[in-house]
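The structure under discussion appears below in the form of structure tokens.
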There are 2 protein chains.
Amino acid sequence: MEKNKQVTIRQLSKKLGVSISTISSVLNNRQEERRISPETVKRVQQAAREIGYLPNISARMLRSYSSSSYPITIAVLTSFQAPLPLISSVITTLQRVGNEAEYKDINFNVTVDMFEAGRVKELPGLLDGTRFNAALIANTIPTDDEFLAENVISSPVVFIGRDIPHYSSVKTVAHMTGRQAADILYSSGSRNPVILYSKILTQTTIARIEGFREDAEKLSGNKPVEIVADGFTEKNGYEAMKNFLDSGEKIDGLYTITDSLAVGSYHAVKKKGLKIPDDIAVIGTGDSSVSPYIDPPLSTFTRSQYNLHEEAVRLLFKQLNGKISMPTQVVVPVMPVLRESTRRGSIANFEIDI
Amino acid sequence: MEKNKQVTIRQLSKKLGVSISTISSVLNNRQEERRISPETVKRVQQAAREIGYLPNISARMLRSYSSSSYPITIAVLTSFQAPLPLISSVITTLQRVGNEAEYKDINFNVTVDMFEAGRVKELPGLLDGTRFNAALIANTIPTDDEFLAENVISSPVVFIGRDIPHYSSVKTVAHMTGRQAADILYSSGSRNPVILYSKILTQTTIARIEGFREDAEKLSGNKPVEIVADGFTEKNGYEAMKNFLDSGEKIDGLYTITDSLAVGSYHAVKKKGLKIPDDIAVIGTGDSSVSPYIDPPLSTFTRSQYNLHEEAVRLLFKQLNGKISMPTQVVVPVMPVLRESTRRGSIANFEIDI
DNA sequence: TTGTATGCGTTATCAT
DNA sequence: ATGATAACGCATACAA
């Protein structure tokens with residue numbers, strides 16, 4: 001694959017028979033103070049345009065931000081298969097926390113690199129330290145995790161939602177969440193619990209599923225039925241649930257691995273003429289911003305995302321500050337948020353959130 | 001504000017009385033092939049850790065990616081007040097389109113910079129070209145637009161959702177969207193139309209509002225009532241709508257400037273015991289992924305976002321390729337998507353999307 | 001009106 | 001076992 005052949009000032013200079021500094025001056029609109037002849041200016045500008053000259057930002061930064069105060073580079077690395085809001089959330093958190101007094105003195109810029117799930121290893125600069133001073137890494141799948149565990153990233157790194165030996169990470173107690181979900185459905189009277197998840201599995205989702213399997217079976221005596229959706233979207237949830245309901249299998253409780261899947265499920269359930277929570281109690285995960293406002297409001301678990309990202313960013317900054325050096329594991333608590341969608345059975349009298 | 005004083009290899013070298021190249025070797029784990037004494041290695045590593053040495057990524061890249069093929073830098077610039085999904089969407093689109101055969105030869109990395117609405121001017125490197133080779137800019141407010149119109153960014157730039165003189169931009173026909181919304185509500189029998197928007201206004205939202213005002217008044221004979229929410233979230237929509245309904249003002253049709261505001265409104269409307277679309281027809285904007293699945297499915301306008309971002313990215317790449325040089329305006333069409341929430345009156349028989 | 005030289009921080013090559 | 005030096009691309013002070 002031929003990547004873009006970058007043209008440098010020097011090559012322009014040779015081509016035009018004009019000195020480097022003249023070119024540079026023109027390209028930076030210093031033509032007047034440098035009193036370059038209009039003719040030369042034209043020639044340079046035209047050549048630059050024709051040839052598609054693009055300055056080397058690294059060189060410019062090296063030159064401009066010198067004097068012991070250049071911005072460091074923080075990378076956000078995630079797979080294409082990530083739930084879409086993740087990047088925004090992490091970046092916004094980075095910028096927000098970075099503005100706090102405590103970290104005001106960290107002058108940084110943020111880059112984002114994405115990889116196909118299973119192919120972190122192909123990310124340029126991951127191991128050689130040529131692309132970032134520090135990184136937040138999310139949405140790796142086990143293949144990636146293996147690779148990362150076997151290799152060493154020499155910059156400070158925080159993993160979001162997964163544990164990689166020798167690195168810092170921020171996680172939720174995903175296994176426990178799955179178990180709690182099973183408990184809540186059981187308390188709402190569900191004896192035929194079903195779990196709906198995406199076929200894209202990560203450490204966190206696997207843990208949730210396993211936790212649910214264990215307690216659901218222990219409590220109800222039935223192995224929970226598992227529905228696998230194609231992805232995380234509402235559409236994926238709708239389609240998976242519709243197929244399931246059409247099959248006629250028993251269900252009286254539903255745990256979804258994300259709130260978006262629950263939203264899609266709602267629609268399928270209602271179209272089938274079933275009522276939530278009367279016929280099917282539903283609990284999601286993540287407390288999406290829409291969850292309190294759908295009909296009925298969705299029981300779920302706290303937006304671990306928010307806290308996760310916040311904790312991850314803080315942990316990274318602390319490592320950069322030198323406040324923490326050892327790999328550190330942070331566990332973010334996840335709390336159930338009970339709303340109408342599980343208001344049934346012995347759990348009906350619990351305090352409702354909205 | 002004291003920014004981080006970066007330590008360089010040279011300073012470490014002076015401090016330790018060891019040569020620069022030795023330090024570099026140790027820091028890159030070349031100690032064995034270079035046969036540095038274990039003692040020196042220790043000293044260097046410790047000093048680096050203590051002093052918080054962070055390599056200058058620009059220097060490293062300059063050194064490493066030389067030979068006429070370094071990655072160019074594409075920046076995504078947006079305000080903190082942007083709807084959260086925007087960044088993710090733009091970045092994902094960048095990566096996806098960048099992987100297409102046509103653009104495979106553009107080797108780039110992505111940086112994200114955020115600014116407070118109204119303060120683009122404070123973004124480092126915006127005008128001096130030290131931070132990016134090309135940029136996608138979104139969610140500026142009029143103050144920002146003014147500044148940008150008066151100054152010159154010398155790199156290729158594409159504005160998303162707004163027009164800035166002398167620059168390329170990708171927009172929707174927002175004004176038309178507003179008018180169509182008014183038409184649709186009117187056709188659904190609404191004579192007391194209401195518009196709900198966020199107090200944070202951009203070129204696009206302003207145009208939508210104006211379009212709606214015009215046609216709503218023309219058609220219904222009544223100036224539409226305007227509700228102003230604090231922001232774009234479902235919660236903001238819920239609260240604004242709840243207050244409005246509590247006030248007892250007339251309403252039989254609602255146009256919201258984003259789908260998220262509509263979702264929040266739904267909840268307020270239902271809590272008030274009113275029915276959608278029977279009592280209030282609702283139409284949103286943006287075709288959010290949840291909109292087809294809420295109850296009732298929400299009429300809206302096509303996810304202009306998606307197309308917008310896609311077009312913006314393509315336009316930027318074309319400029320980088322030299323395929324386009326003049327500032328270019330692209331207008332992305334927006335189509336109404338009619339679902340249950342407006343199924344009333346003469347519009348009831350229109351084809352329904354889901 | 002234009003060119004030469006220097007240095008930003010880093011790594012690799014070559015000496016010692 | 002370690003140091004000196006050149007070069008990456010660019011912008012500027014200074015020279016011509």
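Residue numbers start from 1 in every chain, and the chains themselves are labelled A, B, ... in the order their sequence lines are given, proteins ahead of strands.
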**OP:** Nearest-nucleotide wise, let me know which of B:D128 and B:R35 is further upstream toward the 5' end of DNA chain D.
**Re:** B:R35
Original post:
Quick one: A:L27 CG to D:dA11 P, roughly how many Å, whole number?
Top reply: 7 Å
Subject >> Atom-pair distance (CZ on B:R60; P on C:dG9), nearest Å >> reply: 14 Å
**OP:** Ignoring backbone atoms, establish whether B:S24 has a side-chain N or O less than 4.0 Å from OP1 or OP2 of C:dG9.
**Re:** no
**OP:** Would you please confirm or rule out a distance under 4.0 Å between OP1 or OP2 of D:dT12 and any side-chain N or O of A:R63?
**Re:** no
Original post:
Side chain of B:S21, base of D:dA4: donor and acceptor closer than 3.5 Å?
Top reply: yes
**OP:** Indicate, with a heavy-atom threshold strictly under 4.0 Å, whether B:I20 touches base, sugar-phosphate, or nothing.
**Re:** base
Original post:
Rounded to whole angstrom units, what separation is found between the CG atom of A:N133 and the C1' atom of C:dG9?
Top reply: 12 Å
Subject >> Phosphate OP1/OP2 of C:dT10 contacted by B:Y53 side-chain N/O (<4.0 Å) >> reply: yes
Subject >> Qualifying residue, where the test is side-chain contact (heavy atoms from CB on, under 4.5 Å) with A:Q95 and the options are A:V97, A:T93, A:I91, A:T92 >> reply: A:I91
Original post:
Between A:S58 and D:dC8, does any side-chain N or O lie under 4.0 Å from OP1 or OP2?
Top reply: no
Original post:
Between A:F132 and A:F108, is the ring centre distance below 6.0 Å?
Top reply: no
Original post:
Nearest 0.5 Å, what's the OG1-NZ distance between A:T328 and A:K318?
Top reply: 9.0 Å
Original post:
Over how many whole Å does the gap from A:I57 atom CD1 to D:dG9 atom C1' extend?
Top reply: 11 Å
Original post:
Do the charged groups of B:R119 and B:E122 touch, with an N to O distance under 4.0 Å?
Top reply: yes
Original post:
Between C:dA12 atom P and B:I9 atom CD1, what is the distance in whole Å?
Top reply: 11 Å
Original post:
C:dG9 phosphate, OP1 or OP2: any side-chain N/O from B:T8 under 4.0 angstrom?
Top reply: no
Original post:
In whole angstroms, how far is the C1' atom of C:dG9 from the OH atom of A:Y70?
Top reply: 7 Å
**OP:** Return the value, rounded to whole Å, for the distance between atom NZ of A:K14 and atom P of D:dC10.
**Re:** 13 Å
**OP:** Would you indicate what B:G17 reaches in the nucleic acid, counting non-hydrogen atoms under 4.0 angstrom: base, sugar-phosphate, or nothing?
**Re:** sugar-phosphate
**OP:** Whole angstrom is fine here: how far is it from CG in A:N56 over to P in C:dC8?
**Re:** 18 Å
**OP:** Could you tell me whether the phosphate oxygens of C:dG3, OP1 or OP2, come under 4.0 Å of any side-chain nitrogen or oxygen in A:T22?
**Re:** yes
**OP:** Check whether any side-chain nitrogen or oxygen of A:R30 sits under 4.0 Å from OP1 or OP2 of D:dT12, and answer yes or no.
**Re:** yes
Subject >> Polar side-chain atom of A:S64 near backbone of A:R60 as donor-acceptor pair, under 3.5 Å >> reply: yes
**OP:** Please check the phosphate of D:dA11 (OP1 and OP2 only) for any side-chain N or O of A:N28 closer than 4.0 Å.
**Re:** yes
